[in-house]
Amino acid sequence: MGCCEASQIVAQAAEDALRQENPSILQPNENVELAYRWTRDHVYFTSLRILYKDKKGITGQSIGWQSIPYTSIKAFSAETAGVGDFDMEISIWPSGMEKVEMGFKSGAVDVYAIQRLLNSKVFHPERIGMPEQVIAQEQSERGKFAEFLDLLGDDARQLDPKVVEAQLKHDPPILDNEEAIELAYRCGRDSVCITDRRFLFIDVKGIFGKKVEYMSILWKSLSAFSIETPGAFLDRDAEMKIWTNISGYDMRVFEQDLRKGSTDVMAVQQAISNKMLGADTEPPSQEAVSMQGAVDTGGGWQSWMGDQRMIDATAADRQFHTTTPILQGSEHVEMAFKGKRDMMLFTTKRLLIVNVKGWSGKKVNYLSVPWRAIQCFAVETAGSFLDMDAEMKLWTDIFYDPPPPHGENENPPPEPGMSFIEQNFQKDKVDIMAVLRYLATRCAQIGTDSSQLSAVPIAPEVLSASPPDAIEQFLGWLGDARQIDPAVLDQQLHTINPVLLDSEHAVMGFTAGRDTLVLTTHRVLAIDVQGITGKKVEYQSVPWTKVRGFSATSAGSWDTDAELKFYLKAPWLELHSGCISQDLRKGRADIVAIQSFAAAQTFGACDGSSVVPGSGASDAGSGVVQFLNWLGDNSHQIDAAAVNQMFHSSPAILLGDENVDLAFKCGRDLVVYTTKRILFVDVQGFTGKKVEYVSVPFRQIAPFEVESAGGMFDVDATVRLFTECPATDKVKQDIARDKGDLNAVYNFCIKKLILDKATP
């Protein structure tokens, strides 16, 4: 933000000036708590949000107002000045946006005041909207702060959490007053604190170590973690890694060495588990699980290739509660698999992958992925008799790894890293359909979006063996059909080929060629028949709770196929295909009914109350404005009531309790703000019969920006909405000057994207 360091301005004076300059920018009960000014730009930390005023262009007549809700912040950091480096910095990582940086001159701004305000608003959502009294921190003697740096820089490996907590509440004031440090340790000059609110990295920089960055990552932003034990006597260090769901290479993973003999590695593992998987409050489960008492006959030559087989989950549960105490007391293993030395466990709270390394086998990596991090999952059956492997595929919300180092003439692609996990199984020793049903239970339950809600035993029928030749019978029944009776399809997927859960039902089903798309009460299920023989089949599932947006496209005059797309935050999937899509034969699929069902499953339970009392079309401009509007075909506001009536009848796109608040027309296209989503209607082709309806729910949109029109030749105001839905490039709208109520859109966004989300 800005082109130089900012200076602080009096908050009340900034609020008064802002209300006088533009009375509609602040809400009536919104207060400015902190305010800073660059050469032309300003940033305001208010009781509701972070508001950035950005003057654009040479004249500065066009002004962008960017709002970052406190609820959208995934991580933030404060960096102090160093020796010879007089700049301080605050960085914020909001959902759907790149890093936001603010630079300050040392001594001119109290960055700890910003840190304390962020602590209050980010960790206490109930305080959003309430005024805060931000008191400047009195600068302590340099000797006390130096003592803290000495504490970080001495030879200790595990630190006393109470000592560190007391220091970080006062000098420097990094922690919230009600925050507790549960574990603290260091390696080299860097330290890590595990608190009840965040994962805190303290990075000491520079030759003199006076420049320190305090990086706070919210627990909700962490998607996976691993602990690696030390190896043989020459390998002294253990290692910890955590992966976030923050987009981009820089913030995807953090690593920290743990000194052998000086840090309790299992205590670190348990502390992270309690925060990411839920508090460990229940006693150990004594219930029997699948394959109990089964004798492991080994995996043969396939185990050397990494293929795994099913083993007794009860024995694995006992091992990882006693011999290697990785699991929580209330957590239990429900399915277990083993290769030559490595293991994979399905527990009530996570996927746990155990990777034994080195010739001695003493170095072991324990990788944990909470079920909530999995956005999409699939299993693939083995093909002909020469294909010995079945396969499981998992797509997470973690960003993929950068390309490996390469020469001048090479351009290698990125690597999946933790964004995509796959595992091969021996087809005769693993019931792959039982794996699919298990994943559906853990990842695709109705309304379940947290591993904490799924820590209950799986029903026995989920783990029961699949009938022989189930897949062949099901594919034979599909035949060449284009549209399938959902009742018959539901029966087939519960009996002949038991893919669905008992509580799950097929609502719609379509085929195109050999592929099938099934919309159930729990998920989108795509069945892809592969190979010449058609025996190799992939079943890919996207839970409705993970769908971040969707589009339905009707067929055109010369285009015989309609199309359905589902968008989700799975970076590796986005990189290769962008979404889950399916072509549907014209005349054989009701695209409006499909769209309505997807809307009901994705955001049907969301609030449908109206924000805008009423709106109508604005009068057109004249002269140069009219000409430029015609030239650019700019958007203009139209009667919301008429659009509401149309989309409740012909076509019936909207849900029963959903209404249109604002509507804009741009050429043949529409941008519609409803009470539950933003709907983009894109009319395509010469005849205009091919229409795409793109829906983005409000719960997937966080920061937003409105930009006023500039000088004579800049006649457009602009609205930008930031989301982690891959359809983000569509969430931008131009509004011609004097042909739309920009304030109405702005107030609509304030209500739906800030006020509603701040309400408990």
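Side-chain atoms of Ser649 come within 3.5 Å of backbone atoms of Gln645 as a donor-acceptor pair (strictly under, hydrogens ignored). Without hydrogens or angle criteria, Lys757 side chain to Phe698 main chain gives a donor-acceptor distance under 3.5 Å. Of the possible donor and acceptor atoms, none in the side chain of His124 sits under 3.5 Å from a partner among the backbone N and O of Asn119. The main-chain N or O of Val212 is found under 3.5 Å from a side-chain atom of Thr80 such that the two form a donor-acceptor pair. Between the side chain of Gln375 and the backbone N or O of Ala373 there is at least one donor-acceptor pair closer than 3.5 Å. Between the side chain of Asp669 and the backbone N or O of Val683 there is at least one donor-acceptor pair closer than 3.5 Å. Proximity of a side-chain donor or acceptor of Lys211 to a complementary backbone N or O of Asp87 within less than 3.5 Å is detected. Lys752 contributes no side-chain N or O that, together with a main-chain N or O of Ile754, makes up a donor-acceptor pair within less than 3.5 Å.
Taking Leu575 as the reference, Tyr400, Pro414, Trp572 meet the side chain to side chain contact (heavy atoms under 4.5 Å, CB included) condition, with sequence neighbours excluded. Scored by the side-chain hydrogen bond (donor to acceptor under 3.5 Å, both in side chains) test, Ser216 finds Arg198 as partners (sequence neighbours excluded). Among residues two or more places apart in sequence or in another chain, the salt bridge (Lys or Arg N to Asp or Glu O under 4.0 Å) test is passed with Arg37 by none. Residues passing the salt bridge (Lys or Arg N to Asp or Glu O under 4.0 Å) test with Lys55, sequence neighbours excluded: none. Partners of Thr244 under the side-chain hydrogen bond (donor to acceptor under 3.5 Å, both in side chains) rule, at least two apart in sequence or in another chain, do not exist in this structure. For Lys220, the side chain to side chain contact (heavy atoms under 4.5 Å, CB included) partners at least two apart in sequence or on another chain are Leu218. Lys565 is linked by a salt bridge (Lys or Arg N to Asp or Glu O under 4.0 Å) to nothing, counting only residues two or more places apart in sequence or in another chain. Asp657 pairs by the salt bridge (Lys or Arg N to Asp or Glu O under 4.0 Å) definition with Lys676, not counting sequence neighbours. Under the side chain to side chain contact (heavy atoms under 4.5 Å, CB included) criterion, Ser596 pairs with Val592, sequence neighbours left out. Ala598 is linked by a side chain to side chain contact (heavy atoms under 4.5 Å, CB included) to Trp544, Phe550, Phe566, counting only residues two or more places apart in sequence or in another chain.
The two residues Leu568 and Glu574 come nearest to each other via the heavy atoms O-OE2, 2.9 Å. In terms of heavy atoms, Glu692 sits closest to Thr553 at CG-OG1, 3.2 Å. Residues Gly96 and Glu724 approach most closely at N-CG, 3.5 Å, considering heavy atoms. Here the closest non-hydrogen pair linking Ser223 and Asn245 is OG-CB, 3.4 Å. Looking at every heavy atom in both residues, Ile25 comes nearest to Arg49 through O-NH2, 2.7 Å. In terms of heavy atoms, Ala14 sits closest to Ala35 at CB-CB, 3.6 Å.
Side-chain contact check for Ser77 and Glu213: at least one donor-acceptor pair (N or O, by modelled atom type) lies under 3.5 Å.
Interatomic distance, Leu755 CG to Cys749 SG, rounded to the nearest 0.5 Å: 11.5 Å. Taking OG of Ser247 as the start and CE of Met97 as the end, the distance is 12.5 Å to the nearest 0.5 Å. A distance of 6.0 Å separates NZ in Lys569 from CZ in Arg548, rounded to the nearest 0.5 Å. The OG1 atom of Thr675 sits 10.5 Å away from the NZ atom of Lys751 when rounded to the nearest 0.5 Å. Between Met102 atom CE and Ile50 atom CD1 the span is 5.5 Å, to the nearest 0.5 Å. Interatomic distance, Thr46 OG1 to Ile128 CD1, rounded to the nearest 0.5 Å: 9.5 Å.
Residue pairs satisfying the salt bridge (Lys or Arg N to Asp or Glu O under 4.0 Å) criterion with at least one member in residues 18-27, sequence neighbours excluded, are listed as follows: Glu15-Arg19, Glu21-Lys53. Pairs passing the salt bridge (Lys or Arg N to Asp or Glu O under 4.0 Å) check and including a residue from residues 640-656, sequence neighbours excluded, do not occur.
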Determine whether Val671 and Val719 satisfy the following criterion, side-chain contact (heavy atoms from CB on, under 4.5 Å), listing intermediate values before the conclusion. CA-CA 11 Å; Val671 179; Val719 179; over 6 Å; no

CA sep, side-chain torsions, deciding dist, call: Gln733, Tyr673, side chain to side chain donor-acceptor pair (under 3.5 Å): CA-CA 11 Å; Gln733 179 198 358; Tyr673 295 79; 2.6 Å; yes

Derivation and outcome, salt bridge (Lys or Arg N to Asp or Glu O under 4.0 Å), residues Lys205 and Glu89: CA-CA 14 Å; Lys205 301 180 178 182; Glu89 191 172 287; over 6 Å; no

What verdict does the side-chain contact (heavy atoms from CB on, under 4.5 Å) test give for Trp65 and Leu51, after you've listed the backbone C-alpha separation in whole Å, the side-chain angles of each residue and the deciding distance to 0.1 Å? CA-CA 7 Å; Trp65 298 93; Leu51 178 63; 4.1 Å; yes

Is there a side-chain contact (heavy atoms from CB on, under 4.5 Å) between Ile9 and His42? Walk through the geometry before answering. CA-CA 10 Å; Ile9 52 180; His42 295 71; 4.0 Å; yes

Under the side chain to side chain donor-acceptor pair (under 3.5 Å) rule, what do Ser47 and Glu33 come out as? Steps first, then yes or no, please. CA-CA 7 Å; Ser47 53; Glu33 312 288 358; 4.5 Å; no

Check against side-chain contact (heavy atoms from CB on, under 4.5 Å), Leu26 and Val32: CA-CA 9 Å; Leu26 294 178; Val32 174; 4.1 Å; yes

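Thr718 places a side-chain heavy atom less than 4.5 Å from the side chain of Asp734. Annotation: side chain of Gln595 is in contact with side chain of Ser695 (closest heavy-atom distance under 4.5 Å). Within the 4.5 Å cutoff, the side chain of Leu654 has no heavy atoms near those of the Asn659 side chain. Using a 4.5 Å cut-off on side-chain heavy atoms (C-beta onward), Ile735 and Gln637 make no contact. For the pair Arg116 and Pro173, the minimum side-chain heavy-atom distance is below 4.5 Å. Looking at heavy atoms from C-beta onward, Phe603 lies in side-chain contact with Glu658 at the 4.5 angstrom threshold. The shortest distance between side-chain heavy atoms of Val253 and Asp401 does not fall below 4.5 Å. The shortest side-chain heavy-atom distance between Met646 and Leu670 falls under the 4.5 Å cut-off.
Checked against a 6.0 Å centroid threshold, the rings of Phe704 and Phe748 do not count as neighbours.
Between Phe104 and Trp38, the ring planes lie tilted relative to each other; the angle falls in the 30° to 60° range.
Atom CG of Asp16 sits in a crowded spot, with more than 12 heavy atoms from other residues, nucleotides or ligands closer than 6.0 Å.
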